[in-house]
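Structure, as structure tokens:
Along the sequence shown, residues carry numbers from 1. This structure is a prediction, so every number in the text was calculated from the model and none was measured. Ligands are counted one by one from 1 in listed order, and the atoms in each one are counted from 1 as well.
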Amino acid sequence: MAQMNFGGVMENVVTREEFPLEKAREVLKNETIAVIGYGVQGPGQSLNLRDNGFNVIVGQRQGKTYEKAVADGWVPGETLFSIEEACKRATIIQVLLSDAAQIACWPTIKQYLTPGKALYFSHGFAITYKERTGIVPPADVDVIMVAPKGSGTSLRTMFLEGRGLNSSYAIFQDATGRAFERVIALGIGVGSGYLFETTFKREVYSDLTGERGTLMGAIQGLLLAQYETLREHGHTPSEAFNETVEELTQSLMPLFAQKGMDWMYANCSTTAQRGALDWMGPFHDATKPVFEKLYKSVADGEEAQRSIDSNSQPDYREKLNEELRQLRESEMWQTGAVVRKLRPENN
Ligand SMILES: NC(=O)C1=CN([C@@H]2O[C@H](COP(=O)(O)OP(=O)(O)OC[C@H]3O[C@@H](n4cnc5c(N)ncnc54)[C@H](O)[C@@H]3O)[C@@H](O)[C@H]2O)C=CC1
Ligand SMILES: CC(=O)[C@](C)(O)C(=O)O
Ligand SMILES: [Mg+2]
Ligand SMILES: [Mg+2]
């Protein structure tokens, strides 16, 4: 494990150079890894593990996602099973069910957590909010986490492009003395770029904050506020969308992704630089209290409870889809659909 300096703070990280794929295969050569759930993370992690040469099976309930697993080459009775059968065969149970489904399936999973097995999560949710989830593993299994910092869809596409999505890792319980080598080998196996150390609690607090904040919730709120302001002052949808979203994702975001914010600024006009440097403060100050409120709601368990309550309802998927439909059909994103079509590379 390497210690690296991140902006003046030392952290433990594990890179692929230190822990190559061959070593990961050696560590897990006698293990059967069962990926339970085939939603978004399930396909990404299981297909990457399979392509990397690990002994992996999938456990998925019947239905549309089961058919997707078959279409992806998992063979019923050989590498594709019911959740129960996969847990029985596994030495490592990789729980990639939705957080709410983990609660529903816990009685099944728990039965097969015999001594020496490993229980793996990609989120700190189940363990951290155990008073709400009821998920308390027996003491004689390893409890580990690899949390890819991005969508399972990106985990797979980046793997196929020869890249890697960064993941955090944590050990909650080391019953076998092998938890560290197991968790790192799995992290490398699922296609992580590098792995950084965390705890279950820090992972779930930061993850829930991030996705509600800048990554998903705040970004839509911020973009919409600017789009509306421009529209209300007589600007056309084309102009408002280009100045709010298209320029950001197509031109400016790639610049700061590659070389940092100062580099993006430096490649814009001096007029833009002056204005951005003046206005970053007010935007920071306006949103900081919202982030504080959000973090508190995460730490109090309110966000977790809301997720459990809403996602346990039988029609949760239809309700989510309906809200996504409204987003898709909003003027801003309808404009986006046309703008995307007009990109020369899409013609
Ligand atoms: N979506 C993502 O890319 C990311 C997800 N995670 C974490 O990974 C885990 C899995 O998340 P997703 O892949 O998004 O899950 P998902 O919401 O796509 O669902 C996964 C699976 O749960 C199954 N399922 C749902 N309800 C069930 C029930 N009552 N009984 C049996 N199976 C049921 C579905 O059939 C599906 O195969 C979660 O802990 C999540 O927080 C972590 C990083 C990113
Ligand atoms: C993709 C990811 O890491 C998220 C946003 O935290 C999630 O899907 O839960
Ligand atoms: Mg996340
Ligand atoms: Mg998340």
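Under the 3.5 Å distance criterion, with hydrogens and angles disregarded, no donor-acceptor pair is assigned to the side chains of Tyr129 and Asp99. Side-chain contact of Gln60 with Thr65: a donor-acceptor pair under 3.5 Å is present, judged by distance alone. For the residue pair Ser168 and Thr198, no side-chain donor N or O sits within less than 3.5 Å of a side-chain acceptor on the partner.
Between Ala104, Gly44, Cys105, it is Cys105 that holds the heavy atom closest to atom 30 (N) of ligand 1. Across Leu97, Val146, Val35, heavy-atom proximity to atom 32 (N) of ligand 1 is greatest for Leu97.
In terms of protein heavy-atom proximity, atom 2 (C) of ligand 1 is nearest to Gln41 NE2, 3.5 Å. In terms of protein heavy atoms, atom 39 (O) of ligand 1 is closest to Asp99 OD1, 2.7 Å. Scanning the protein heavy atoms around atom 35 (O) of ligand 1, the nearest turns out to be Gln60 NE2, 2.9 Å. Considering only non-hydrogen protein atoms, atom 17 (O) of ligand 1 sits nearest to Ser98 CB, 3.4 Å. From the protein, the heavy atom lying nearest to atom 26 (N) of ligand 1 is Ala101 CB, 3.3 Å. The nearest heavy-atom contact from the protein to atom 28 (C) of ligand 1 is Arg61 NH1, 3.2 Å. For atom 3 (O) of ligand 1, the nearest non-hydrogen atom of the protein is Gly152 N, 2.8 Å. Of all protein heavy atoms, the one closest to atom 41 (O) of ligand 1 is His123 CD2, 2.9 Å.
Separation of atoms CD (Gln41) and NE2 (His123) is listed at 10.5 Å; rounding is to 0.5 Å.
Classification of the Tyr169-Phe180 ring pair by plane angle, with boundaries at 30° and 60°, yields perpendicular. Note: Tyr194 and Phe196 have tilted aromatic rings, judged against thresholds of 30 and 60 degrees for the angle between ring planes.
Around the Mg ion (ligand 3), the protein N, O or S atoms closer than 2.8 Å are Asp207 OD1, listed by chain and residue number.
Trp279 does not carry Arg274 over the face of its six-membered ring by the limits of under 6.0 Å from the centre and within 45° of the normal.
Residue contact annotation: Leu155 has no non-hydrogen atom under 4.0 Å from ligand 1. Within the structure, the closest approach of Gln94 to ligand 1 does not fall below 4.0 Å when heavy atoms are considered. Contact analysis puts Pro148 in contact with ligand 1, with a non-hydrogen atom separation below 4.0 angstrom. Distances from ligand 1 to the non-hydrogen atoms of Phe125 include no value under 4.0 Å. The shortest separation from a heavy atom of Lys149 to ligand 1 is not under 4.0 Å, leaving the residue out of contact.
Residue Ser122 has no N or O atom closer than 3.5 Å to an N or O atom of ligand 1. Considering backbone and side-chain atoms alike, Tyr316 places every N or O at 3.5 Å or more from each N or O of ligand 1. Below 3.5 Å of separation, one finds an N or O of Val40 facing an N or O of ligand 1.
Taking every heavy atom of both residues into account, Leu277 and Met280 meet most closely at O-CG, 3.7 Å. Heavy-atom minimum distance, Ala86 versus Ala34: O-CB, 3.5 Å. Between Pro76 and Val70, the shortest heavy-atom distance links the atoms CG-CG2, 4.1 Å. When all heavy atoms of Phe125 and Ser307 are compared, the closest pair comes out as CZ-OG, 4.1 Å. Contact between Lys149 and Leu165 at its shortest, heavy atoms only, is O-CD1, 3.6 Å. When all heavy atoms of Ala175 and Asp140 are compared, the closest pair comes out as CB-C, 3.5 Å.
Salt-bridge formation is detected for the pair Glu329/Arg325: a Lys NZ or Arg NE/NH1/NH2 atom is positioned less than 4.0 Å from an Asp or Glu carboxylate oxygen.
Annotation for ligand 1: atoms under 4.0 Å from non-hydrogen atoms of Arg317 are 17 (O). Residue Thr65 has at least one heavy-atom neighbour below 4.0 Å for each of these atoms of ligand 1: 35 (O). Close approach to Ile83 involves these atoms of ligand 1, each under 4.0 Å from a residue heavy atom: 31 (C).
In this structure, the side chains of Cys105 and Ile83 come closer than 4.5 Å at one or more pairs of heavy atoms. Phe121 is listed as a side-chain neighbour of Ile135, based on a closest heavy-atom distance under 4.5 Å.
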